[in-house]
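Here the structure comes first, spelled out in structure tokens, and everything after it is commentary.
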Amino acid sequence: MDRRSFLSSAAFGAVGAALTACGGGGSELALGGAESSSLTTSLAAARISTVVKSRVIVIGGGMGGATVAKYLRLWGDGISVTLVERMPTYTSNIMSSMVLTGQRSMSSLTFKYDTLRSKYGITTVFGEVVAIDPVGVKVTLADGTVLAADRIVMAPGISFDDVPGLNGSNKMPHAWQAGPQTTLLASQLAALPSRGVAVLSIPKTPYRCPPGPYERACLIADWLRVNKPGSKLIVLDANPGIVTEVDNFTYAFMGLHGNVIEYHANAEVTSVDPASMTLITTAGTIRGDVINMIPRQRAGALVATAGLNNATEGRFAGVNVLSYASTVSGADKVHIIGDSSATTQPKAGHIANQEAKVCADAISRILSGGAPDPAPVTNSACYSTITMSQASWLTAVFRYNPTALAMVPVAASSAASTGWNSDSFEEMSTWFNALMADSFA
Ligand SMILES: Cc1cc2nc3c(=O)[nH]c(=O)nc-3n(C[C@H](O)[C@H](O)[C@H](O)COP(=O)(O)OP(=O)(O)OC[C@H]3O[C@@H](n4cnc5c(N)ncnc54)[C@H](O)[C@@H]3O)c2cc1C
């Protein structure tokens with residue numbers, strides 16, 4: 001049964017959206033009476049089945065997790081969904097570099113889970129997942145609660161390599177997971193003396209948001225030009241060169257921001273000394289007044305804890321991109337989406353949203369006795385801030401290739417802007433609002 005015919009034939013009954021918890025605290029997660037009657041009304045309005053036929057636990061309520069939870073409810077045949085997230089609200093990384101320049105507030109990037117609960121009947125549990133049992137399909141929370149389901153979807157984002165010498169110092173924030181480090185880096189930049197030196201380090205690929213560090217460099221350079229005359233931004237790139245949107249970023253670094261940005265390729269940070277604000281790199285020793293140290297990345301820590309980090313030299317999770325099921329033997333009831341998974345697609349919020357939909361569709365089909373769509377297509381749009389009021393853009397389409405067993409770019413459907421302008425900067429907000437609404441509303 002395809003998605004359209006399923007939705008038109010879906011049955012509506014009493015709310016039974018309860019998820020059995022076993023062992024540990026032994027608590028049962030179920031909807032209360034008053035809440036369930038108003039929920040029944042809104043679910044009926046949204047044409048979502050209220051009969052529970054199977055259960056899915058989603059770990060992580062970010063771009064991937066929120067989206068997969070919503071679409072499992074919309075497309076699944078009576079799938080009860082429990083979303084486990086450590087934070088009570090989600091803070092978007094997308095647009096978070098504009099907090100550094102004072103153009104965005106953290107509150108404008110904060111999203112709640114209320115609509116996922118009230119409109120789609122998703123059960124939310126706020127807590128830390130500390131272990132999963134991929135074979136028994138169980139999830140253990142820090143408080144000892146154990147949840148069981150038919151499938152688990154993991155979307156825990158990224159974790160960071162330890163930087164030798166950093167020792168937990170907050171003097172060199174990465175601000176690559178939007179939150180306290182973002183506001184810390186913003187305040188450090190605000191305190192930068194005129195003619196000061198800021199440093200931004202870019203880790204080796206694959207990392208979250210390929211254009212992100214370059215667009216942040218452009219944004220900071222434009223802000224320094226206006227607010228801290230005579231200051232410099234040293235960009236240390238661990239890669240052999242700019243990894244994406246090469247033409248636009250090269251023109252921006254060498255031309256528009258040529259008086260501010262000093263770019264070094266093949267400059268990998270090997271250790272740091274926060275006391276002297278110094279970085280030891282493969283291209284020499286660099287000192288800065290403000291240092292935005294973005295470490296190398298790997299899947300969210302839980303992926304390695306569960307033994308599912310079988311790709312990219314043990315950094316990320318290998319998946320079958322028809323369903324995003326783990327490729328670890330015996331763990332095929334665990335699906336991993338978003339930045340934690342190793343695919344040929346970029347680690348981006350838009351792609352996490354797309355992977356979530358492919359995964360939700362595949363799980364919905366599998367739990368109804370079918371097979372995943374054999375030819376999924378995903379797409380991604382990306383805007384990069386080149387100045388505080390102008391942006392460039394990039395779009396990409398990926399199609400499943402059965403020979404490569406991978407998503408491959410469709411060149412004819414992919415494009416990039418030549419240069420940047422203020423129209424693209426405005427469109428960026430429209431795109432962002434639509435993406436966040438698709439994931440959280
Ligand atoms: C500065 C910056 C700019 C960016 N700009 C763009 C852009 O313009 N376009 C774009 O498409 N992408 C952009 N991105 C990338 C985008 O933010 C990520 O690719 C996206 O957030 C990945 O989604 P995810 O679901 O994998 O992870 P996340 O969105 O990080 O969500 C992971 C969630 O899992 C939760 N979690 C983790 N572990 C546990 C646990 N054990 N128990 C419970 N909860 C847990 C976390 O709290 C978090 O809420 C940008 C990123 C940065 C840093």
Side-chain angles (χ1 to χ4, degrees), residues 57-69 83-100 104 109-111 113 124-132 139-142 153-160 174-179 181-182 185 200 203 206-217 219-220 244-245 292 294 297 299-306 316-317 324 336-341 343 345-356 359 378-385 391-396 428-429 431-432 435-436 439-440:
I57 298 167
V58 178
I59 304 169
M63 300 305 298
T67 311
V68 78
L83 175 64
V84 188
E85 164 59 50
R86 61 160 72 106
M87 304 295 288
T89 55
Y90 177 71
T91 306
S92 167
N93 304 301
I94 305 175
M95 302 288 215
S96 65
S97 290
M98 291 171 74
V99 173
L100 307 178
R104 278 260 178 186
L109 302 177
T110 303
F111 295 82
Y113 297 100
T124 50
V125 175
F126 295 111
E128 179 82 16
V129 176
V130 292
I132 69 165
V139 163
T140 304
L141 275 60
V153 182
M154 299 178 74
I158 52 162
S159 55
F160 298 93
H174 54 70
W176 214 242
Q177 177 68 59
Q181 290 217 353
T182 314
L185 182 58
L200 185 158
Y207 60 81
R208 159 175 282 177
C209 193
Y214 304 99
E215 73 156 355
R216 176 178 285 181
L219 205 52
I220 291 177
T244 185
E245 280 193 72
N292 180 194
I294 306 174
Q297 292 155 37
L302 193 61
V303 171
T305 307
F316 294 97
Y324 290 87
I336 304 115
I337 57 172
D339 289 356
S340 277
S341 64
T343 80
Q345 301 156 111
K347 298 190 185 303
H350 195 138
I351 284 291
N353 167 285
Q354 295 284 294
E355 291 179 354
C359 179
T378 57
N379 70 78
S380 172
C382 181
Y383 291 87
S384 295
T385 47
S392 61
W393 57 263
L394 183 72
T395 59
M428 178 173 69
S429 289
W431 162 84
F432 174 68
L435 176 66
M436 299 316 280
S439 296
F440 288 90

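The shown structure was predicted, so the numbers you read here are calculated from the model rather than taken from an experiment. Each ligand, and each atom within it, is numbered from 1 in the order the structure gives.
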* To do: For P211, enumerate each residue passing the side chain to side chain contact (heavy atoms under 4.5 Å, CB included) test, keeping only those at least two apart in sequence or located in another chain.
  => C209, T244, E245, F249, C382, S384
* **Side-chain (E355) to main-chain (G338) donor-acceptor, under 3.5 angstrom** => yes
* Asked: Out of curiosity, is S97 lining ligand 1, as in a heavy atom under 4.0 Å away?
  -> yes
* Any N/O of S96 closer than 3.5 Å to an N/O of ligand 1? -> no
* Structure fact -> Closest heavy-atom approach to atom 17 (O) of ligand 1 among N93, L219, I294 is made by N93
* Just distances here: any N/O of D339 and N/O of ligand 1 closer than 3.5 Å? -> yes
* What part of F111, side chain, backbone, both or neither, has a heavy atom within less than 4.0 angstrom of ligand 1? -> neither
* Any N or O of S340 that comes nearer than 3.5 Å to an N or O of ligand 1? -> no
* Asked: Does L435 reach ligand 1 with a nitrogen or oxygen that is under 3.5 Å from one of the ligand's nitrogen or oxygen atoms?
  -> no
* Take every heavy atom of M428, measure it against each atom of ligand 1, and state whether any distance is under 4.0 Å. => no
* T385 (side chain) donor-acceptor with A391 (main chain) under 3.5 angstrom -> no
* Asked: Between A348 and ligand 1, which part of the residue brings a heavy atom under 4.0 Å of the ligand: side chain, backbone, both or neither?
  -> both
* Looking only at distance, does H350 have an N or O less than 3.5 Å from an N or O of ligand 1? -> yes
* To do: Would you mind telling me if ligand 1 is within reach of the side chain of R86, the backbone, both or neither, using heavy atoms under 4.0 Å?
  => both
* To do: Compute the shortest N/O to N/O distance between A381 and ligand 1 and return yes if it is under 3.5 Å, no if not.
  => no
* Asked: Counting N and O atoms only, with roles assigned by atom type, does the side chain of S340 sit under 3.5 Å from a partner on the main chain of G300, one being a donor and the other an acceptor?
  -> yes
* ligand 1 versus P156: contacting region, heavy-atom distance under 4.0 Å -> both
* Do any heavy atoms of G300 fall under 4.0 Å from ligand 1? -> no
* Please determine if V129 has a nitrogen or oxygen closer than 3.5 Å to a nitrogen or oxygen of ligand 1. => yes
* Is a donor on one side and an acceptor on the other found under 3.5 Å between the side chain of Y113 and the backbone of E85? -> no
* Report the part of F432 (side chain from C-beta onward, or backbone N, CA, C, O) that has a heavy atom under 4.0 Å from ligand 1; answer both or neither where that applies. => neither
* Asked: Is W431 near ligand 1, meaning one of its heavy atoms is under 4.0 Å from it?
  -> yes
* Asked: With sequence neighbours left out, what residues match A69 under side chain to side chain contact (heavy atoms under 4.5 Å, CB included)?
  -> V58, V81, I122
* **Closest to atom 14 (N) of ligand 1 among A299, A356, C209, P213 (heavy-atom distance)** => C209
* Asked: Who gets closest to atom 30 (O) of ligand 1 by heavy atom: E128, M63, R208, M87?
  -> R208
* Short question: side chain of K347, backbone of S341 - any donor-acceptor pair under 3.5 Å? -> yes
